[in-house]
Protein chains: 2
Amino acid sequence: MASIKDVAALAGVSVATVSRVLNAHQGVRPGTRTKVLHAVSELGYRPNGVARSLRTHQTRTLGLVIGDVLNPFFTELARSVEDAARSRGYSVIIGNADEQPALQDHHVRTLLDRRIDGLLVSPTDGDVGALRDAVETGIPVVFVDRWLHGVDVPVIRADGRRAVHQLVAHLHALGHRRLAIITGPAATSTSTERVGAFREALRALGLALPAEYVAQGDFQTASGRRAAAAFLDLPEPPEVVFATDNLMALGVMEELRARGLRVPRDMALAAFDDIPWFLHTDPPLTAIAQPTADLGHSAVQVLTDLAEGRGAGSVTLSARLTARRSCGEDEGSRR
Amino acid sequence: MASIKDVAALAGVSVATVSRVLNAHQGVRPGTRTKVLHAVSELGYRPNGVARSLRTHQTRTLGLVIGDVLNPFFTELARSVEDAARSRGYSVIIGNADEQPALQDHHVRTLLDRRIDGLLVSPTDGDVGALRDAVETGIPVVFVDRWLHGVDVPVIRADGRRAVHQLVAHLHALGHRRLAIITGPAATSTSTERVGAFREALRALGLALPAEYVAQGDFQTASGRRAAAAFLDLPEPPEVVFATDNLMALGVMEELRARGLRVPRDMALAAFDDIPWFLHTDPPLTAIAQPTADLGHSAVQVLTDLAEGRGAGSVTLSARLTARRSCGEDEGSRR
DNA sequence: TAAGGCGATGTAATCGTTTCCACGCGTCGC
DNA sequence: GCGACGCGTGGAAACGATTACATCGCCTTA
């Protein structure tokens with residue numbers, strides 16, 4: 001593959017000059033400029049990004065480490081992050097932690113080794129070895145969706161508390177009294193927030209949240225299914241289950257279907273994170289929607305501001321409830 | 001951030017020695033080795049991947065350019081590719097072409113500039129500027145799922161023809177006679193194959209495929225919805241629609257729902273690409289499933305073989321039909 | 001005892017850029 | 001007429017690693 005030297009030789013100038021025209025420095029005579037440009041296209045020359053990065057100490061690359069690529073929420077987040085990054089001239093390397101701290105560590109480490117310009121992460125758990133190192137090396141880090149206590153970096157997230165309160169009120173209005181919840185990993189901030197809000201809302205309505213109505217999941221499908229099974233095997237199963245993410249809701253549906261039970265007749269269901277499929281499930285699922293694309297855009301905004309030496313702080317957006325039929329019949333929406 | 005020189009200085013050895021212990025070359029005295037290792041952990045030193053890549057001419061990175069990240073099929077593919085790559089010590093940079101040739105070009109170009117070791121692509125269309133350049137530079141390229149005529153690289157794909165024939169037979173057996181299809185972009189190999197097989201299968205059964213029963217889509221949701229609308233507005237709408245990917249099937253469902261129509265009563269529906277949600281849609285969707293994970297693994301296998309100088313060729317797996325209720329009631333599966 | 005060989009280590013070239021500095025030359029002001 | 005200046009360009013030093021080659025003891029062996 002042609003190098004800058006070949007271009008210089010062909011154009012009959014020095015490599016410095018070639019570099020100057022390629023980087024749009026002023027002070028190159030038009031004639032020289034066209035000579036160089038000709039040589040460039042003649043050879044099909046493309047600058048070696050690796051060498052350039054070594055010299056300039058920047059890779060124009062952002063890292064994004066997410067909980068689970070198979071989760072449509074994260075997929076959409078990744079997509080919006082990539083869009084925003086590209087429009088600012090950055091590429092994105094996505095690391096899929098699969099909700100495992102060890103994998104998350106691996107990705108953070110690898111990304112750091114690649115000398116990315118900034119790191120966006122939706123941290124999976126409390127184990128922060130590599131993450132803390134990252135922050136300490138001084139590389140810009142921004143949390144998106146989830147965050148970690150004690151790690152002082154900007155956080156871009158949606159506050160779901162109000163929406164959870166609305167959801168609980170909605171369920172109560174439909175006559176439900178025995179409400180259960182499936183949480184994410186204990187250490188994730190989103191799980192803590194959602195459970196906390198749920199608990200508060202119940203208390204405000206004078207409802208109990210017995211321990212057996214709180215199932216610990218891991219934000220993945222299988223754990224939702226296990227939790228549903230456990231609920232169903234209870235002497236007095238809950239009337240509604242609130243899954244704190246969409247994949248666990250899928251798991252619940254799988255278990256119900258396997259047992260020949262129906263939503264909401266046998267058990268009502270609501271989820272955090274709205275996704276296009278929820279409109280077409282049987283029945284359509286009530287869910288709390290996050291402004292996912294905005295989350296991604298803001299995150300990139302803040303991260304690139306940091307990477308380019310501008311200051312930047314946290315951003316909090318808000319989530320909103322979308323009621324459908326999975327929790328029972330509302331007003332006139334029956335069919 | 002500490003460099004190899006700092007380590008050498010602290011350990012009191014030369015950089016060459018440090019490099020040797022880090023790369024597990026033999027012929028370093030155990031004492032020296034531990035001195036170096038101590039210095040490394042003392043400084044928290046991590047080798048600079050950029051510098052290393054420049055020197056060794058390899059980045060241990062693979063590029064993956066896919067049609068659409070939001071498409072669960074590609075998401076799953078990406079996930080399996082990443083898994084396979086990681087287990088071989090490679091990272092993956094995903095480029096989302098969003099089904100636009102220009103974006104695909106952009107990503108291929110960017111990846112090449114980063115000097116990735118190999119490129120995996122599910123080409124979006126016939127415009128192959130950057131792609132052809134890539135092949136010409138000699139970098140290993142492998143097509144996965146879709147391929148391009150006239151570009152001579154290994155192709156890893158699932159042959160869906162037999163499954164399409166089975167699907168048509170299934171539809172025929174259920175009594176359907178007016179079958180329609182929504183294709184992908186004309187230039188994509190998968191679309192061509194699926195339409196071709198569909199057409200053949202119809203002919204074999206003596207059924208016609210009128211031009212108005214062939215809608216051109218682009219593998220994305222909105223186009224499925226438009227196609228469904230056009231079908232429904234026909235004087236004699238089809239009885240069944242076969243969407244050649246899952247997102248277009250979603251679009252069809254959206255349109256039907258918007259018009260208050262039901263599957264399969266008002267219009268039956270089948271899709272290419274099975275995804276977990278299809279089990280829970282209303283009704284569960286009949287679909288043709290690809291061995292997605294195997295596709296990803298094989299692709300990485302072949303690509304890394306190429307990148308590491310071993311020869312490798314194309315792989316063809318096969319897709320299979322999963323009949324559910326969206327095309328009408330079968331034997332005893334009603335509920 | 002000296003030559004040869006081998007094992008451990010250091011020196012320095014190299015990868016492909018960017019960029020600082022120096023240089024030559026025409027122009028301007030005095 | 002001469003120094004200062006600016007402009008366009010080239011030379012060469014980085015960036016941080018890997019690795020071919022040189023070096024230096026020390027051990028073996030004749």
Side-chain angles (χ1 to χ4, degrees), chain A residues 1-40 43-61 89 110 112-117 137-139, chain B residues 1-40 43-61 89 110 112-117 137-139:
Chain A
M1 196 172 271
S3 86
I4 196 172
K5 269 188 206 149
D6 304 315
V7 176
L10 183 58
V13 300
S14 74
V15 294
T17 301
V18 176
S19 176
R20 278 190 277 259
V21 346
L22 259 31
N23 293 285
H25 284 225
Q26 80 292 34
V28 176
R29 210 172 336 190
T32 326
R33 169 182 205 73
T34 59
K35 265 194 309 185
V36 170
L37 259 18
H38 267 92
V40 165
L43 295 170
Y45 168 75
R46 304 239 74 208
N48 182 322
V50 175
R52 184 186 293 220
S53 291
L54 177 61
R55 180 57 231 237
T56 62
H57 299 281
Q58 47 159 326
T59 49
R60 299 248 97 193
T61 304
T110 307
L112 255 36
D113 288 354
R114 278 168 203 261
R115 299 302 192 261
I116 52 167
D117 295 344
T137 64
I139 178 192
Chain B
M1 196 169 274
S3 86
I4 197 172
K5 271 190 205 148
D6 304 315
V7 176
L10 182 57
V13 300
S14 75
V15 294
T17 301
V18 175
S19 176
R20 280 189 275 257
V21 348
L22 259 31
N23 293 285
H25 284 226
Q26 80 292 34
V28 176
R29 209 169 339 187
T32 327
R33 172 181 201 72
T34 58
K35 267 194 307 184
V36 170
L37 259 19
H38 268 92
V40 165
L43 295 170
Y45 168 76
R46 306 239 72 207
N48 182 323
V50 175
R52 183 185 294 219
S53 291
L54 177 59
R55 181 58 231 241
T56 61
H57 298 281
Q58 49 159 324
T59 49
R60 298 248 98 194
T61 303
T110 309
L112 255 37
D113 288 354
R114 275 163 208 266
R115 300 300 192 261
I116 52 166
D117 294 343
T137 65
I139 178 192

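Every chain is numbered from 1 and lettered A, B, ... according to where its sequence line falls, protein lines coming before strand lines.
Under the 4.5 Å side-chain criterion, counting only non-hydrogen atoms from C-beta, A:Arg52 is not in contact with B:Asp113. You'll find the side chain of A:Arg33 stays beyond 4.5 Å of the side chain of A:Val36, heavy atoms only. Side-chain contact between B:Ser3 and B:Asn48 is absent, with no heavy-atom pair separated by less than 4.5 Å.
Remark: A:Ser14 is in phosphate contact with D:dG10, judged by side-chain N or O atoms under 4.0 Å from OP1 or OP2.
To the nearest angstrom, C1' of D:dG16 lies 15 Å from CG of B:Leu43. The nearest whole Å value for the distance from the CZ atom in B:Arg115 to the P atom in C:dT17 is 7 Å. Separating the CG atom of B:Leu54 from the P atom of D:dA17 is a distance of 12 Å, rounded to the nearest angstrom. Rounding to whole angstrom units, CZ of residue B:Arg29 and C1' of C:dG10 are separated by 13 Å. Look at NE2 on B:His57: it is 13 Å from P on D:dT18, rounded to the nearest Å. Spacing between atom CZ of A:Arg60 and atom P of C:dT17 amounts to 18 Å, rounded to whole angstrom units. Distance A:Met1 CE to C:dT17 P: 10 Å, rounded to the nearest Å. Put simply, OH on B:Tyr45 is 7 Å from C1' on D:dA17, counting in whole angstrom units.
The only member of A:Asp117, A:Val50, A:Leu54 that meets side chain to side chain contact (heavy atoms under 4.5 Å, CB included) when paired with A:Thr59 is A:Asp117.
Among the nucleotides C:dT9, D:dA17, C:dT18, the one closest to any side-chain atom of A:Ile4 is C:dT18. Side-chain proximity of B:Pro47 to the nucleotides C:dG10, D:dA17, C:dT19 is greatest for D:dA17. Comparing atom distances between the B:Arg52 side chain and each of D:dT9, D:dA17, C:dT17 picks out D:dA17 as nearest. Nearest nucleotide to the A:Asn48 side chain, out of D:dC15, D:dT18, C:dT17: C:dT17.
B:Val50 comes within contact range of no nucleotide atom at all, as no heavy-atom separation falls under 4.0 Å. Residue A:Ser53 is classed as having no contact, given no heavy-atom separation below 4.0 Å to the nucleic acid.
Mapped onto DNA chain D by nearest heavy atom, A:Gly27 and A:Val15 fall at different nucleotides, with A:Gly27 at the one closer to the 5' end. Of the two residues contacting DNA chain C, namely B:Arg33 and B:Thr56, the nearest-nucleotide position lying further toward the 5' end is that of B:Arg33. Both B:Thr17 and A:Thr17 sit near DNA chain C, but only B:Thr17 has its closest nucleotide nearer the 5' end.
A pairwise comparison of heavy atoms in A:Thr32 and A:Val13 identifies CG2-CG1, 3.8 Å as the closest pair.
Side-chain to base pairing of B:Arg20 with C:dG10: one donor and one acceptor N or O lie within less than 3.5 Å of each other. The base of D:dA14 sits with one of its N or O atoms less than 3.5 Å from a complementary donor or acceptor on the side chain of A:Arg55.
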